[in-house]
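The structure appears right after this line, and notes come after that.
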Amino acid sequence: MSILIINIKELIQVRENNVTIVKGADMKILPTIKNAYLIIEHDTIVEYGPMSDFIDYNAEEVIDAKGKMVLPAWCDSHTHIVYAGDRSQEFVDRINGLSYEEIAERGGGILNSAEVLQNTSEEELYQQSLKRLNNVMQLGTGAIEIKSGYGLTVEAELKMLRVIKRLKKESLATIKTTLLAAHAVPKEFKDNKQGFVDRVVSEMIPEVAQSKLADYIDVFCEKGYFDLEDTDRILTAGKAFGLIPKIHVNQFNAFGGVALAVKHKALSVDHLEEMRAEDIEALINSTTMPVALPSCSYFLSIPYTPARQIMDAGLPLALATDYNPGSTPSGNMNFVVSTACIKLRMTPEEAINAATINGAYAMGISNQYGSICRGKKANIIITKEIESYNNLPYAFGDNLIDKVIIRGKVLE
Ligand code: NIG
Ligand code: FE
């Protein structure tokens, strides 16, 4: 199968093969080619350039993108899209005055989702999750990370991870899997958190790693959930089985989790709504990607990640959705990019870099995804007719996507 796209008003995020991350002031630069063409063969981008250099090419499908822009599909490096049911009642409880933390203290929140998931069949969980995955692909997401974490027992975590494995097999999307064994302390371990951490370390991690069901290890490092000592133990145990850390940290409280993650050479540190100077300091000269989740801040009405401070320190930044039933029931990367511009004061160039190449880095796949590059996978968004790429974040809440191509296939 081959696709030729001609008359592209602007081909966005064109990079050399060796660019796998964009940092600091460089994030303001978004390389483009005006009036361009692009050729896809099978699942790969094979050629592109200005129309003036175009020599005839015999493609099976020709798309005329006059007035339209082409950019890499979104790379969403942090989601929990495998879950059962929803938490719309808790949404209403929060409107009526309860906080996210108060709901969790009453046994709602993650424990609520875990109970529903434990009582949902694997087939039903797959069907509910597939619907969400197909929906976010239509919204332009081509590569996505999915976490476990609503199981809380060995058996239910394995069920979630098998569902992710099946999505991986049956969907065109590229999927990376994270074991979030320590997401909350289950009811049975209410007064014995240590016992639960022991189980994560001695049972869950070995079993999941041996069945090759995960790429990464995550912990919710937060007051009332898992402290620095628990996080240290779990990351150490995960690493011993080849699972690289990607952690939830500094969502409500900052107490040293970022430095700990950097010590463990985490691929990413995610949330970062609460950032102290020493947290930013810890990231300098590291290989860890900071990840902001602005639609979580929006939905919970909590502070936004200080993106400007992070980038002004010369650091990279990625953007992801955090799609989950409790804090972010939305997987729309277009809304994330808009919110990053509106609330985190990122420029459109910075936000697009953060949602493509840096998102791919935060999944360990930026050598294959996240930019327009010969040899990279053909995951592409074709926009509707728009004036400039600034319109993507500007027209918040609108859908300016005309077509999505994932691994060389145009989505129906
Ligand atoms: O990333 N913060 C921890 N985990 C999720 C929310 C989980 C939930 O509320 O179900 C998050 O926001
Ligand atoms: Fe999350």
Side-chain angles (χ1 to χ4, degrees), residues 74-83 86-88 90-95 98-104 108-113 132 135-136 139 141 144-150 178 180 183-184 218-226 246-254 257-258 261 268-275 279 289-310 317-346 351 354-355 358-359 362-363 393 396-397:
W74 306 125
C75 297
D76 188 353
S77 67
H78 181 140
T79 84
H80 312 244
I81 67 164
V82 172
Y83 62 81
D86 72 17
R87 304 230 296 274
S88 53
E90 292 180 5
F91 168 61
V92 177
D93 293 342
R94 282 196 303 104
I95 295 169
L98 286 182
S99 71
Y100 179 81
E101 283 143 311
E102 283 164 342
I103 290 168
I110 295 165
L111 296 185
N112 174 357
S113 289
R132 283 187 281 270
N135 183 33
V136 301
L139 293 167
T141 297
I144 189 167
E145 180 257 17
I146 310 175
K147 299 174 195 295
S148 68
Y150 292 117
T178 301
L180 174 51
H183 197 191
D218 196 341
V219 177
F220 188 15
C221 180
E222 185 55 63
K223 282 193 182 152
Y225 294 82
F226 300 94
K246 269 174 77 64
I247 84 166
H248 282 75
V249 71
N250 290 38
Q251 182 177 7
F252 301 106
N253 299 282
V258 173
S268 71
V269 282
D270 304 29
H271 273 289
L272 312 179
E273 290 86 343
E274 299 294 335
M275 282 296 262
D279 298 315
M289 175 66 73
V291 181
L293 310 166
S295 43
C296 174
S297 299
Y298 176 83
F299 189 72
L300 293 185
S301 302
I302 61 174
Y304 287 89
T305 302
R308 290 250 60 87
Q309 275 178 45
I310 292 172
L317 186 68
L319 288 166
T321 62
D322 198 17
Y323 195 174
N324 75 75
S327 71
T328 323
S330 159
N332 188 341
M333 281 295 282
N334 307 285
F335 180 78
V336 165
V337 168
S338 273
T339 310
C341 294
I342 298 163
K343 296 293 187 182
L344 278 63
R345 294 188 40 242
M346 295 175 77
N358 283 357
M363 287 186 269
F396 76 95

Residues that [X] engages under side-chain contact (heavy atoms from CB on, under 4.5 Å), provided they are two or more places apart:
| X | value |
| --- | --- |
| Leu139 | Asn135, Asn332, Asn334, Asn399 |
| Arg308 | Lys28, Met311, Asp312, Arg345, Glu350 |
| Pro329 | Phe299 |

Q. Please walk me through it: do Ile103 and Arg87 pass side chain to side chain contact (heavy atoms under 4.5 Å, CB included)?
A. CA-CA 11 Å; Ile103 290 168; Arg87 304 230 296 274; over 6 Å; no
Just to verify, what does [X] make a side chain to side chain donor-acceptor pair (under 3.5 Å) with, not counting sequence neighbours?
| X | answer |
| --- | --- |
| Thr305 | none |
| His80 | His78, His248, Asp322 |
| Glu222 | Asn253 |
| Ser88 | Asp86 |

Q: List in chain and number order the residues that pass ring pair (Phe, Tyr, Trp, His ring centres under 6.0 Å) with Tyr298, two or more places apart in sequence or in another chain; answer none if no residue qualifies.
A: Phe335
Q) Who passes ring pair (Phe, Tyr, Trp, His ring centres under 6.0 Å) against Phe396, sequence neighbours left out? A)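 Ring pair (Phe, Tyr, Trp, His ring centres under 6.0 Å) list for Phe396, sorted by chain: empty.
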Side chain [X], main chain [Y], donor-acceptor under 3.5 Å:
| X | Y | value |
| --- | --- | --- |
| Ser148 | Leu180 | yes |
| Lys246 | Ser77 | yes |
| Ser297 | Pro303 | yes |

Q. Which one of Phe226, Tyr150, Tyr225, Tyr83 satisfies the ring-ring contact (aromatic ring centres under 6.0 Å, His included) criterion with His183?
A.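 Testing each of Phe226, Tyr150, Tyr225, Tyr83 against His183, the sole residue satisfying ring-ring contact (aromatic ring centres under 6.0 Å, His included) is Tyr150.
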Please list, chain by chain and in numerical order, all residues satisfying salt bridge (charged side-chain N to carboxylate O under 4.0 Å, His left out) with [X], sequence neighbours excluded.
| X | result |
| --- | --- |
| Arg94 | none |
| Asp279 | Arg276 |
| Asp76 | none |

Q: Show the numbers, then the answer: is there a side chain to side chain contact (heavy atoms under 4.5 Å, CB included) between Thr328 and Leu293?
A: CA-CA 9 Å; Thr328 323; Leu293 310 166; 6.0 Å; no
